[in-house]
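Reading through the structure tokens given below for one structure.
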Amino acid sequence: MTESTRPLNFIEKIVKEDIENKVVPSVQTRFPPEPNGYLHIGHAKSICLNFGIAQTFGGQCNLRFDDTNPEKEDTEYVEAIKEDVRWLGFEWSGDIHFTSDYFDDLYDWAVYLIKEGKAYVCDLDRDQAREYRGTLKEPGKNSPYRDRSVEDNLELFEKMRAGDFEEGACSLRVKIDMASPNMHLRDPIIYRIKKASHHQTGDKWCIYPSYDFAHGQGDAIEGITHSICTLEFEEHRPLYDWFIENLPVPSKPRQYEFSRLNVNYTVTSKRKLKSLVDENVVDAWNDPRMPTIAGMRRRGYTPEALREFIDKAGVSRNEGIVDVSMLEFAIRENLNVNAARAMCVLHPLKVTLTNYPEDKTEVMVAPGHPNRDDLPARELPFSRELFIDQDDFREEANKKYKRLVIGKRVRLRNAYVIEADEAIKDADGNIIEVRARIIEDTVGKDPADGVKPKGVIHWVDANNNLDCEVRLYDRLFNDPAPDAGGKDFMQSLNPNSLEILKGCKAETSLANSDADIRFQFEREGYFIQDSLYSTPDNLVYNRVIGLRDTWEKQV
RNA sequence: UGGGUCGUCGCCAAGUGGUAAGGCACCGGGUUUUGAUCUCGGCAUUCGUAGGUUCGAACCCUACCGACCCAGCCA
């Protein structure tokens, strides 16, 4: 991919200035997913931003699992996320980090805050705490436990850690301001009791730090200079800064927020994606229609194209919705350059060339790519019986139709020009065969009589081809904003998001190709073998994306 | 009169006092053995609205309008 000279986004500008002004010696970022689900296209933006900035400015980017809630997390997700990040083309700095690596530090810092008189154990239960918190428009009031002595707090917190209390019985809160207009500053909870074993620390802990207490300190421990997150964390920033100021942390990271990536015709929330899987709307998290990284990988999107798309969509604080056509463009742009060409007939219609000898077979040679000679040429057997696509033949048509019509000529891609004579139909009137003739001496040249064919269609030898299944995907939703307002996104599902075609006929050169190679089936789109269903004996191709189609169907 | 944030072409997005980049989409012309690619051209007298400051404003000021976020012992 060529380096574009796009202007820096606002975060890149901040980083650049901080480096130039020696605010930081070098940039250190991090991608901090919670291992509680699969990564989707929105995460891809964060990955590209964080790793991209490190790359651009000669810094480092960590991969840190933000694992402070053992009830929702699992190592299954840790592994999947690592694979997704690698596939996207990024390499994290050093070892993987876990917020749970810092549980000891965090515990010590909690004790520190208690000793400073800045944290206390609160016995209010959930409902009471909510009551005391006040509302958006009314201030909260102090917890009756707010003024416990340091000694009592130390003892109580130790008991919390020892497992002496039930879940919910009490929590550790930091003493800030119950009247703050910022709800996050109304004595936020920094430790809660969860008698759950943790995927990394096992049963060592029964109390776990909250996101707010863990994230910034994790950043400080890792020397993160620019802690980049999405807009909804903006109001957490004063709290983030409060901890950094009030704790003896080893560095002072700063938080910056950008708007998350929204794409029309798709949903990106773990909850909604999960229900698509749970309700069997799709196969799994990696169904080729899913906007998950795993799904897009299986679909055949390339990491380069995804990165390019994210780069083009930009980074700002505007909450916009990017048009999915921008994504599709990036995929096509990338595949057009890189995908080898091949022919595959999706809806076979037999064509008999009545003036072509029955026992004759020629071998046509076709380039691997129209403007790349580094891709090897292909050999295409050609004989009396061929298949073309049902859509490429009509008994009669107006002049806008540039395909095969009775009495008219068409070019068979990389082979002869043919002229149709007759359509053979079955008892129901369905066309089951076309009888046609080749025009002699038209391979690589126009007909000698000067009557040039209108169009070019693809074909495959009827007696020498590869049978395969082709899966055509369309957007999962019909509605550009499936989850806008109070809408039930399940009502906007596109019933035709998956079309399975069996008995498709592909050229034989595909027989021994690697399973992960993407092809352009000419005039149809870009395809790749499905990593789950395709086998050498039962080829299954996914359509990554169709070709741009500017032909107005409809007469 | 709770607090915070955001409003530049249909969609993203530059621009931050000197007279509206770019991409996607769309519309036309050309090339073409893929109705693809490629290529050429078109596409905001106007920057949420209304006032004001200024020689000059999308950029500064004021008011208004609209959208989003915050009351998890989720992240």
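We name chains A, B, ... by the order of the sequence lines, and we start the count at 1 in each one.
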Phosphate oxygens OP1/OP2 of [N]: is one of them under 4.0 Å from a side-chain N or O of [X]?
{"X": "A:K13", "N": "B:G15", "result": "yes"}
{"X": "A:K194", "N": "B:C74", "result": "yes"}
{"X": "A:N9", "N": "B:A13", "result": "no"}
{"X": "A:S210", "N": "B:A75", "result": "no"}
{"X": "A:T68", "N": "B:A75", "result": "yes"}

Distance, rounded to the nearest Å, where [X] contributes [atom1] and [N] contributes [atom2]:
{"X": "A:E73", "N": "B:C74", "atom1": "CD", "atom2": "C1'", "result": "10 Å"}
{"X": "A:R523", "N": "B:U34", "atom1": "CZ", "atom2": "P", "result": "10 Å"}
{"X": "A:M343", "N": "B:A36", "atom1": "CE", "atom2": "P", "result": "18 Å"}
{"X": "A:N371", "N": "B:U39", "atom1": "CG", "atom2": "P", "result": "11 Å"}
{"X": "A:F309", "N": "B:C11", "atom1": "CZ", "atom2": "C1'", "result": "11 Å"}
{"X": "A:R378", "N": "B:U34", "atom1": "CZ", "atom2": "C1'", "result": "11 Å"}
{"X": "A:R394", "N": "B:G35", "atom1": "CZ", "atom2": "P", "result": "14 Å"}
{"X": "A:W551", "N": "B:U32", "atom1": "CH2", "atom2": "C1'", "result": "19 Å"}

Check every strand shown and say whether [X] touches a base, only sugar-phosphate, or nothing at a heavy-atom separation below 4.0 Å.
{"X": "A:G320", "result": "sugar-phosphate"}
{"X": "A:P370", "result": "base"}
{"X": "A:L124", "result": "base"}
{"X": "A:E71", "result": "nothing"}
{"X": "A:V443", "result": "base"}
{"X": "A:V315", "result": "sugar-phosphate"}
{"X": "A:G444", "result": "base"}
{"X": "A:I321", "result": "sugar-phosphate"}
{"X": "A:R341", "result": "base"}

Is the aromatic ring centre of A:Y211 closer than 5.5 Å to the centre of the six-membered base ring of B:A75, with the two planes inclined by less than 30°?
no
Does the cation-pi check pass for A:R475 over A:Y265, that is, NZ or CZ under 6.0 Å from the six-membered ring centre and within 45° of its axis?
yes
Any pair with a residue in residues 135-145 of chain A that passes side chain to side chain donor-acceptor pair (under 3.5 Å), sequence neighbours left out, goes on the list, sorted by first then second residue, please.
none
Going by the angle between their ring planes, with limits at 30° and 60°, are A:Y191 and A:Y107 parallel, tilted or perpendicular?
perpendicular
So, A:R30 and A:H215: side-chain donor and acceptor under 3.5 Å apart, yes or no?
yes
Pairing check on [N]: which nucleotide meets the Watson-Crick or G-U wobble criteria with it, both distances under 3.5 Å?
{"N": "B:C11", "value": "B:G23"}
{"N": "B:U45", "value": "none"}
{"N": "B:C38", "value": "B:G30"}
{"N": "B:A75", "value": "none"}
{"N": "B:U62", "value": "B:A50"}
{"N": "B:G2", "value": "B:C70"}

Could you check whether any side-chain heavy atom of A:F258 comes within less than 4.5 Å of a side-chain heavy atom of A:L49, counting everything from C-beta outward?
yes
Which nucleotide in the set B:A14, B:G35, B:U37 lies at the smallest distance from any side-chain heavy atom of A:R403?
B:G35
Side chain of A:N318, heavy atoms from C-beta onward: which of B:U8, B:G2, B:C74 has the nearest atom to it?
B:U8
Flag the pair A:R317 and A:E257 as a salt bridge only when some basic side-chain nitrogen lies within less than 4.0 angstrom of an acidic carboxylate oxygen.
yes
For the pair A:E167 and A:R192, find out whether any cationic side-chain nitrogen is under 4.0 Å from an anionic carboxylate oxygen.
no
Is the glycosidic angle of B:G15 within 90° of 0, making it syn, or outside that range, making it anti?
anti
Does any N or O in the side chain of [X] come within less than 3.5 Å of the main-chain N or O of [Y], such that one atom is a donor and the other an acceptor?
{"X": "A:D389", "Y": "A:H347", "answer": "yes"}
{"X": "A:D392", "Y": "A:I388", "answer": "no"}
{"X": "A:S259", "Y": "A:N318", "answer": "yes"}

Reading nucleotides 18-26 of chain B 5' to 3', which nucleotides get B (base under 4.0 Å from a protein heavy atom), which S (sugar-phosphate only), which -?
---B-BSSS
Answer yes or no: are there more than 12 heavy-atom neighbours, outside A:K272 itself, under 6.0 Å from its atom NZ?
yes
Considering only atom C1', compute the distance from B:A58 to B:U16 and round it to an integer number of Å.
9 Å
Mind checking the OG1-CG spacing from A:T68 to A:L106? Nearest 0.5 Å is all I need.
9.0 Å
Listed pairs, N/O of protein and of nucleotides 68-72 of chain B, under 3.5 Å:
unit_1 : atom_1 : unit_2 : atom_2 : d
B:C68  : O2'    : A:E319 : OE1    : 2.8
B:C68  : O2'    : A:E319 : OE2    : 3.0
B:C69  : O2     : A:E235 : OE2    : 3.1
B:A71  : O2'    : A:R133 : NE     : 3.2
B:G72  : OP2    : A:R133 : NH2    : 2.9

